[in-house]
Protein chains: 4
Amino acid sequence: MCPGTGATGKPPTFTEVARRAQIIEAAIETIAEVGFAKASLARIGQRVGVSKGLIGYHFGGKDDLIKQVLIRVVEAGRAYIFPRVFAESTGPARLRAYIESNLAFMSAHRSYMVAVVEILRHGAFKTDSGLRVDGRDIDVAARLLHEELARLQGQGELRSDFDPGAMAVAIRAAIDVVPHRIILDPQFDIENYSREVALIFDRATRPSDTN
Amino acid sequence: MCPGTGATGKPPTFTEVARRAQIIEAAIETIAEVGFAKASLARIGQRVGVSKGLIGYHFGGKDDLIKQVLIRVVEAGRAYIFPRVFAESTGPARLRAYIESNLAFMSAHRSYMVAVVEILRHGAFKTDSGLRVDGRDIDVAARLLHEELARLQGQGELRSDFDPGAMAVAIRAAIDVVPHRIILDPQFDIENYSREVALIFDRATRPSDTN
Amino acid sequence: MCPGTGATGKPPTFTEVARRAQIIEAAIETIAEVGFAKASLARIGQRVGVSKGLIGYHFGGKDDLIKQVLIRVVEAGRAYIFPRVFAESTGPARLRAYIESNLAFMSAHRSYMVAVVEILRHGAFKTDSGLRVDGRDIDVAARLLHEELARLQGQGELRSDFDPGAMAVAIRAAIDVVPHRIILDPQFDIENYSREVALIFDRATRPSDTN
Amino acid sequence: MCPGTGATGKPPTFTEVARRAQIIEAAIETIAEVGFAKASLARIGQRVGVSKGLIGYHFGGKDDLIKQVLIRVVEAGRAYIFPRVFAESTGPARLRAYIESNLAFMSAHRSYMVAVVEILRHGAFKTDSGLRVDGRDIDVAARLLHEELARLQGQGELRSDFDPGAMAVAIRAAIDVVPHRIILDPQFDIENYSREVALIFDRATRPSDTN
DNA sequence: CATGAATGAGGTTTCATTCAT
DNA sequence: TATGAATGAAACCTCATTCAT
């Protein structure tokens with residue numbers, strides 16, 4: 001029905017892949033700029049100079065486009081963050097790397113994060129088993145962090161007297177608030193915030209005998 | 001044109017004050033339940049058995065109603081939180097009281113917080129100088145917390161080697177994420193989370209020579 | 001959500017009943033005139049000088065409006081036809097009354113029938129168990145006729161050597177073709193056709209020993 | 001501009017004739033299957049694996065394609081029915097052959113008839129002088145039957161006390177209802193219906209002194 | 001001969017808003 | 001005070017059509 005969705009047997013054209021990416025980027029920027037509610041297809045189309053009809057041609061509809069936006073951002077984030085985290089070996093170093101690489105990514109791709117926050121806050125794509133887009137768990141971040149914290153606790157890499165679930169939520173909150181904060185205060189200094197947050201959670205999780 | 005807004009000279013009648021409050025409550029519950037996007041005036045009106053026309057009569061329009069919702073929630077929150085914070089004298093105790101009373105208020109008024117989060121994430125009411133509703137600073141929470149942390153630092157009530165601005169943002173983030181988290185996970189245990197968050201920020205701010 | 005649908009407890013206003021009837025009539029005439037496919041809500045609204053928005057206000061949507069049209073026509077038809085049929089006692093007389101009253105109704109309400117034919121041919125409202133609108137069997141005509149023919153056969157009121165099912169279909173066909181024929185040939189003489197059809201099926205069903 | 005329409009001087013190539021036929025068949029099947037309203041060019045193209053652009057190339061547009069469908073079906077029907085009718089010599093035999101060959105053709109080409117019914121009911125191609133496609137009379141069936149009945153009456157081959165026009169309409173109705181009936185009731189037994197209808201109209205038209 | 005890409009019109013639906021009663 | 005009635009804008013979606021390649 002619509003091309004490039006994998007539904008048809010034919011591989012997507014080069015031009016088409018480019019257009020899709022272009023539209024996805026336009027959607028991200030538009031949502032980040034004017035908010036989800038006002039990011040109509042017409043407005044998104046205007047940004048790249050295409051008609052709203054074309055979006056219907058390349059994507060199944062608005063829902064599909066939004067899905068692709070989420071997938072795009074999540075994948076870009078993972079590609080950035082994962083290597084930096086797993087390059088570290090000790091617990092505190094990993095946690096620091098996690099926080100700092102998350103915030104560095106946000107700093108580098110402000111509109112990406114703003115857009116995702118906008119989308120998720122609109123409650124789209126919420127199912128009974130969490131936040132899912134085409135079967136992929138978009139809310140996986142907190143869960144993965146939870147598991148990693150618990151694992152590091154078990155290995156004695158982090159102090160044992162905190163609840164890893166609550167800690168994961170608090171850490172993700174400190175990270176995820178940034179897009180929102182940027183909207184409220186364009187002067188917000190992410191680098192400074194990054195250092196401070198890393199320090200806060202370092203103090204809250206570092207085993208007492210290390211430094 | 002519309003009563004009770006201060007625009008007319010006449011004081012609002014009792015009936016009117018009650019109706020306005022009733023509608024504001026209905027708006028809060030509706031938004032919390034079905035989300036901002038689907039909270040049409042008709043739906044809000046249905047909840048209290050009032051026509052949408054009447055909402056237009058009592059409020060200038062949807063925007064005005066939403067403003068009143070924000071004001072209502074902010075004031076209710078302050079009335080709950082402020083006394084509990086200022087009942088404490090030491091820095092760490094105040095911070096703990098701040099975090100715990102905030103979360104206790106959320107626990108007691110889930111729909112209030114969910115509604116506010118829904119509204120704010122829709123980007124309404126953002127001005128160049130932050131989040132303002134009829135001149136009142138809705139985002140004042142972080143700023144007040146920032147100032148209070150700085151003051152306590154200056155008095156030696158809290159350790160001096162953290163940035164109070166960043167700390168305030170992180171603390172607010174840990175608090176404000178709760179409504180969102182509730183939506184994602186209805187099983188979320190606020191009381192446990194409250195204790196853990198208080199502990200995290202206690203460790204991050206308590207002067208080294210106290211306990 | 002929308003008034004007069006029986007969903008709300010309140011009884012529909014007089015004005016509202018009138019408007020609904022007015023819009024239903026307009027829909028019938030519009031569909032009869034320009035065909036189902038081109039009978040947009042805007043066009044229907046134009047005919048009575050109301051906005052398409054109002055149709056959405058009085059009816060749940062286009063589907064609901066179409067349903068109401070069907071119900072309206074079917075009920076009007078029954079009210080006309082039933083008494084005339086059951087006023088007769090012998091088999092041949094009943095059949096003649098059935099055919100003639102059907103065609104007389106069509107003659108009197110051409111647009112009604114044209115509209116229904118238009119709607120039904122669009123395949124709307126077809127379910128596995130026939131043609132249903134809100135649980136009512138719209139295609140009941142052929143079935144009722146089938147049963148009545150079989151009953152009259154059993155009583156010796158009609159000859160026994162025809163298949164009542166096939167006969168019912170042929171009779172309904174001769175009746176239901178009229179709206180279509182009117183469209184093709186506005187000069188079509190229903191009265192003459194009515195007599196001829198009654199005669200055709202009289203000859204095909206009258207017991208051999210009667211006259 | 002578009003080939004094979006007779007507009008250009010060049011004769012249509014073999015490939016082109018084949019493609020056109022292929023697309024026409026696809027259109028017939030698609031319309032029969034999903035209905036006229038949902039038979040978009042894209043969908044029709046999918047069925048034979050060609051792009052909708054190609055349809056625009058081979059036909060002037062959707063209207064033209066639909067015209068070709070009608071012409072195709074009418075011609076196929078004639079080729080089937082005419083020889084069978086004119087193989088009979090007596091009036092009653094001809095009429096029986098007419099009815100039965102019509103219904104046999106429908107039985108053998110259900111999608112052809114369903115498609116035509118779908119198309120005609122959409123009111124396309126109606127002109128002041130009946131149903132015309134490129135000057136050809138699509139609704140000729142009833143007229144031809146009318147004339148033939150009148151001719152046979154004049155020759156004493158059929159009884160003289162019926163109106164041949166009304167009779168023709170009733171007969172065509174009994175025939176044309178079948179596609180519709182098939183849609184409503186997939187179990188519909190055409191062969192049985194065919195016999196019964198032939199009998200009905202035999203009784204209505206056979207001269208009283210023959211058997 | 002054939003396709004993919006792109007447009008723009010038209011349709012339904014939802015809603016905030018206004019107005020007469 | 002309060003309501004029902006009505007409007008009009010804006011959104012999404014589908015599709016026939018056109019065009020460059």
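In what follows, chains carry the letters A, B, and so on, assigned in the order in which the sequence lines appear, proteins first and then strands, with residues in each chain numbered from 1.
One atom, CG of D:Leu65, and another, C1' of F:dC15, lie 14 Å apart when rounded to the nearest Å. The nearest whole Å value for the distance from the CD atom in C:Gln22 to the C1' atom in F:dA5 is 13 Å. Atom CZ in C:Phe59 sits about 18 Å away from atom C1' in E:dG11, given to the nearest Å. Between B:Gln46 atom CD and F:dG4 atom C1' the separation is 14 Å, expressed in whole Å. Between the CD1 atom of B:Ile55 and the P atom of F:dA5 there is a distance of 17 Å, given to the nearest Å. Look at CD1 on A:Ile66: it is 15 Å from C1' on F:dC13, rounded to the nearest Å. If you take CD1 of A:Ile44 and P of F:dA10, they are 17 Å apart, rounded to a whole angstrom.
In this structure, the side chains of A:Leu41 and A:Leu65 come closer than 4.5 Å at one or more pairs of heavy atoms. A 4.5 Å side-chain heavy-atom check between D:Ile24 and D:Ile71 finds every atom pair outside the cut-off. With contacts defined as side-chain heavy-atom distances shorter than 4.5 Å, the pair A:Leu70/A:Ile119 qualifies.
Cation-pi geometry between D:Lys62 and D:Phe36 is met: under 6.0 angstrom from the ring centre, within 45 degrees of the axis.
Judged as a side-chain hydrogen bond (donor to acceptor under 3.5 Å, both in side chains), and not counting sequence neighbours, the contacts of C:Glu25 are C:Arg72, C:Tyr112. Legend: residues meeting side-chain contact (heavy atoms from CB on, under 4.5 Å) with A:Val48, ordered by chain and number and at least two apart, are A:Gln22, A:Ala26, A:Val50. Listed by chain and residue number, D:Arg47 satisfy the side-chain hydrogen bond (donor to acceptor under 3.5 Å, both in side chains) test with D:Glu33 (two or more places apart in sequence, or in another chain). Evaluation of the side-chain contact (heavy atoms from CB on, under 4.5 Å) rule for B:Ser40 yields B:Ala42, B:Arg43 as partners, not counting sequence neighbours.
In this structure a side-chain-to-backbone donor-acceptor pair under 3.5 Å is present from C:Arg20 to C:His58.
Set against E:dG8, E:dA5, E:dA2, the side chain of D:Leu54 has E:dA2 as its closest nucleotide. With F:dT1, E:dT7, F:dA5 as the candidates, the nucleotide lying closest to the side chain of A:Val50 is E:dT7.
Comparing C:Arg43 and A:Gly49 against DNA chain E, the residue whose closest nucleotide sits nearer the 5' end is A:Gly49.
For the pair A:His58 and E:dG4, the criterion of a side-chain N or O lying under 4.0 Å from OP1 or OP2 is not met. Residue C:Arg19 places none of its side-chain N or O atoms closer than 4.0 Å to OP1 or OP2 of F:dG4.
Counting only Watson-Crick and G-U wobble pairs whose two distances sit under 3.5 Å, DNA chain E takes part in these stems of three or more pairs: E:2-21 with F:2-21.
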Once each nucleotide of nucleotides 14-21 of chain E is scored for protein heavy atoms under 4.0 Å, what B/S/- sequence comes out, 5' to 3'?
-SSB----
